[in-house]
Amino acid sequence: MSEPTAPVDQVRLRAYRLNRTRAQLSRFGMDAAVLFDPLNLRYATGCRNMQVWTSHHLARYVFAPVEGPVTLFDYGGALHLSDDLETIDEARPARSWDYFGSGGRAEEHAERWADEIVDLLHHHCGRGAVLGIDRADLLPMLALQRRGV
């Protein structure tokens, strides 16, 4: 008869994964990353809200610096779902530039998204910091480029 296995220490597992994510960012010369992919987001933080839906829609993301606080961007009504996760220092409502939510204002909404991300990047990593992004659409990428990121 086999011996019972000990339960997984979730806090320790999340800390390991976040630290490993940060180490890899540093290894590749990045100061921070924005992770949209739900698998990457869950790996780095342990947060797992709406993984299937957000695998097709860039409507949920996390700002993870090599050093400093981790900021999750989630649906306004779902912000409480990460309250118990020590890997997330702050939760904010996500911004989207998707046509279905933005219509003709998609570019404007992508600009606002970039303003918020660049503010976090400069505040926590300094001007000239390198930002990694696992996946993104053209509008937010252009908005970041216009801001020198």
Inset, instruction - Kindly assign one of parallel, tilted or perpendicular to the pair Trp97 and Phe36, based on the angle between their ring planes and the thresholds 30° and 60°. - result: perpendicular

Inset, instruction - Of all the heavy-atom pairs spanning Leu121 and Ala32, show the shortest one and how long it is. - result: CD1-CB, 3.9 Å

Inset, instruction - Might you point out which heavy atoms bring Cys47 and Ile88 nearest each other, and give the distance in Å? - result: CB-CD1, 3.9 Å

Legend entry - Donor-acceptor under 3.5 Å (Ser102 side chain, Glu107 main chain): no

Inset, instruction - Find out whether Trp113 and Leu144 are in side-chain contact, i.e. whether some heavy atom of one side chain is under 4.5 Å from a heavy atom of the other. - result: yes

Legend entry - Arg95 side chain vs Ala110 backbone, donor-acceptor pair below 3.5 Å: no

Inset, instruction - Could you tell me whether a side-chain N or O of Asp134 sits under 3.5 Å from a main-chain N or O of Asp37, the two making a donor and an acceptor? - result: yes

Inset, instruction - For the pair Asp31 (side chain) and Val130 (backbone), establish whether a donor and an acceptor sit closer than 3.5 Å, ignoring hydrogens and angles. - result: yes

Inset, instruction - Over all heavy atoms of both residues, which pair between Ala136 and Met141 is shortest? Give the atoms and the distance, please. - result: CB-SD, 3.7 Å

Legend entry - Minimum heavy-atom distance between Asp74 and Ala78, given as atom pair plus value: OD2-O, 3.9 Å

Legend entry - Shared hydrophobic cluster, Val66 / Val70 (ILVMFWY, side-chain heavy atoms < 4.5 Å): no

Legend entry - Charged N-O contact under 4.0 Å between Glu111 and Arg147: yes

Legend entry - Pro38 and Arg60, any side-chain heavy atoms less than 4.5 Å apart: no

Legend entry - Qualifying residue for side chain to side chain contact (heavy atoms under 4.5 Å, CB included) with Leu72, from Leu41, Thr45, Leu81: Leu41

Legend entry - CG-CZ distance between Leu35 and Arg42, expressed to the nearest 0.5 angstrom: 15.0 Å

Inset, instruction - For residues Arg17 and Thr87, determine if any side-chain heavy atom of one lies less than 4.5 Å from a side-chain heavy atom of the other. - result: no

Inset, instruction - Specify the closest pair of heavy atoms between Asp89 and Gly68, including all atoms of both residues, with the distance to one decimal. - result: OD2-O, 4.4 Å

Inset, instruction - Give a yes or no on whether a salt bridge exists between Glu108 and Arg112, defined as a side-chain N under 4.0 angstrom from a carboxylate O. - result: yes

Inset, instruction - Using a cut-off of 6.0 Å, state whether more than 12 heavy atoms not belonging to Gln24 lie near its atom CD. - result: yes

Legend entry - Joint hydrophobic cluster, Leu18 plus Phe63, side-chain heavy atoms closer than 4.5 Å: no

Legend entry - Close side-chain approach of Pro93 to Leu79, heavy-atom, < 4.5 Å: yes

Legend entry - Heavy-atom pair of closest approach, residues Ala64 and Leu25: O-CD1, 3.6 Å

Inset, instruction - State the CG-CD distance between Leu120 and Glu90, to the nearest 0.5 angstrom. - result: 7.0 Å

Inset, instruction - Could you tell me whether the side chain of Ile117 reaches within less than 4.5 Å of the side chain of Phe73, counting heavy atoms only? - result: yes

Legend entry - Joint hydrophobic cluster, Met30 plus Leu131, side-chain heavy atoms closer than 4.5 Å: no

